[in-house]
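Single-structure report; data block below.
In the text below, chain A, chain B and the rest are named by the order of the sequence lines, each starting its count at 1. Just so you know, these numbers come straight off a predicted model, no measurement behind them.
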There are 2 protein chains.
Amino acid sequence: MAKTETSNPPSPSPLSRERILQAALRLADEGGIEALSMRKVAQELGVKAMSLYNHVASKDEIIDGIVDIVVGKIDLPRVDLDWKIAMRQRALSAHEVLLKHPWAAIAIMSRINIGPAMLRYVDRTIGCLREAGFSWKMADHAWNAIDSHIYGFTLQELNFPIEASAYAETAESFISYIPPDQYPYMHQLSLYIMDGSYDGLYDFELGLDFVLDGLDRLRERA
Amino acid sequence: MAKTETSNPPSPSPLSRERILQAALRLADEGGIEALSMRKVAQELGVKAMSLYNHVASKDEIIDGIVDIVVGKIDLPRVDLDWKIAMRQRALSAHEVLLKHPWAAIAIMSRINIGPAMLRYVDRTIGCLREAGFSWKMADHAWNAIDSHIYGFTLQELNFPIEASAYAETAESFISYIPPDQYPYMHQLSLYIMDGSYDGLYDFELGLDFVLDGLDRLRERA
DNA sequence: TCAGTTTAACTTACACTGTAAGTCTGTCAA
DNA sequence: TTGACAGACTTACAGTGTAAGTTAAACTGA
């Protein structure tokens, strides 16, 4: 007899670690990481929860996996460029990627991640700084200072609306919690944001340049 | 008849929002925020879970409450000091407090917090900067840049051992994940940490000063 | 003093979570 | 044809937050 057409792919779409991670990533992007459950991932793939365990060891492994996928989207620093330009590009790319996956920054900061993309990312960063003349110790400190700004800034940003127009609205809805007699400065600032004389948006590059310039002076002194 | 001795305090230790928050804070400090459940908090107080709802609206309100308690422990910036000194003291105090309550940094960064301690903390910070001559907009940006460093640095730090000796051990346990051919720079750096030629500890004040110095130059230029 | 109201505890129940453990079925090699 | 195995399945358990209803004690006004 002729073989059935199912013999090539044993099922219309066989489960795999890759397909599970993609589905989980989709769910996290849509509803945040707290919307991620084994049952929902399974449902997304037309399968029961326990079937996932044939391909991944645990939910933690799934989260580690999608974190590494996201980290893999960050542009690696180019060693052929001036270190400051390379670090700036890397930071801007990281900032952009983390905004696209709002759950990711916290996931990265609250767990130890040693996926391949993360290791490559850190290795290239330290390498770029080392080649620029930083000592091992200073390269390590520089990387830490830059990333402190990337993650700290982005996390603060994610707690607030990104759009300037929404910002004025948000200020308006919060102003009732900020009586002028108790919190005079915050009250005043909120008024400025509400009447549009200031968009309230922060500038990622401002703090980034403070750090990069400081590192530059340190490098020249050495 | 004489009144029973229970008439003064109706029970040996009546439940209250305050007592609930203290118990929750204790639990979070001991086992992290994921160890915090309504049932465990209740048990800690010799009571059943649902009784807590007579005093707090939800688990979220408890978390908001303990976050605000922790924020309240941070030294407020003193307006009578030079802004840079005041901001440095505030940052060091925040860093110290966040290390004492390792769950708090993430809780602060991943939720909108408008408790009284937080409002006072932000108000005094903006006020201090405003009195130092920053415009409203620049005061806002300055506050954001400084806090990006505080939270970003502390969160990275919390994922790693604080003790120098533990650092070398940690490097040793992770080195097998870092083959030298794939991650040459990280491998090298790990070796330096393992053999003790570098303690691997980061310096909170390094990045902090980059930000403060950058802000200072901005202020002088205005 | 007694009835009525209020407070704050209680129990029960529901829908959800991650995952340990065991079962069934279809494909392939020998 | 048979045995192995992979990969799906079901069931079950201990945990979660909290909606809903109940009970018992304490305070209040007549």
>> Output the rounded distance in Å from CD (B/Q43) to C1' (C/dA9).
In response: 17 Å
> Atom CG of B/L45 and atom C1' of C/dA8: how far apart are they, to the nearest Å?
Replying inline: 14 Å
> Rounded to whole angstroms, how far apart are NZ on A/K40 and C1' on C/dG18?
Replying inline: 13 Å
> In whole angstroms, how far is the C1' atom of C/dG18 from the CG atom of A/L36?
Replying inline: 12 Å
>> One thing to verify: whether B/R111 and B/D60 come together as a salt bridge, which I'm taking to mean a side-chain N less than 4.0 angstrom from a carboxylate O.
In response: yes
> Does a donor on one side chain and an acceptor on the other come within less than 3.5 Å for A/D140 and B/Y202?
Replying inline: yes
Shorter than 3.5 Å, N or O on both sides, protein versus nucleotides 19-22 of chain C: list them out with atom names.
{"unit_1": "C/dT19", "atom_1": "OP2", "unit_2": "A/Y53", "atom_2": "OH", "d": "2.7"}
{"unit_1": "C/dT19", "atom_1": "OP2", "unit_2": "A/K59", "atom_2": "N", "d": "3.0"}
{"unit_1": "C/dT19", "atom_1": "O5'", "unit_2": "A/Y53", "atom_2": "OH", "d": "3.4"}
{"unit_1": "C/dT19", "atom_1": "O4", "unit_2": "A/R39", "atom_2": "NH2", "d": "3.2"}

>> Rounding to an integer number of Å, can you tell me how far B/K48 NZ sits from D/dT18 C1'?
In response: 16 Å
> Does D/dG7 have OP1 or OP2 sitting under 4.0 Å from an N or O in the side chain of A/S51?
Replying inline: no
> Between B/H55 and C/dT7, is there a side-chain N or O to OP1/OP2 distance below 4.0 Å?
Replying inline: no
> Taking NZ, NE, NH1 and NH2 as the nitrogens, is one of them in B/R90 or B/D147 under 4.0 Å from a carboxylate oxygen of the other?
Replying inline: yes
> Which whole-number value in Å describes the distance from B/R17 CZ to C/dA9 C1'?
Replying inline: 20 Å
Could you list the donor-acceptor pairs under 3.5 angstrom formed by side chains in residues 168-182 of chain B, with sequence neighbours left out?
{"unit_1": "B/T170", "atom_1": "OG1", "unit_2": "B/A166", "atom_2": "O", "d": "2.8"}
{"unit_1": "B/S173", "atom_1": "OG", "unit_2": "B/T170", "atom_2": "O", "d": "2.9"}

>> Counting neighbours of NZ on A/K137 that are heavy atoms of other residues, nucleotides or ligands and sit closer than 6.0 Å, is the number greater than 12?
In response: no
>> Just the rounded figure in Å: distance from C1' of C/dC24 to CG of A/N54.
In response: 13 Å
>> Rounded to whole Å, how long is the line connecting atom CD1 of B/I33 with atom C1' of D/dT16?
In response: 15 Å
>> If only side-chain N and O atoms count, and only distance matters, is there a donor-acceptor pair under 3.5 Å linking B/E18 with B/H55?
In response: no
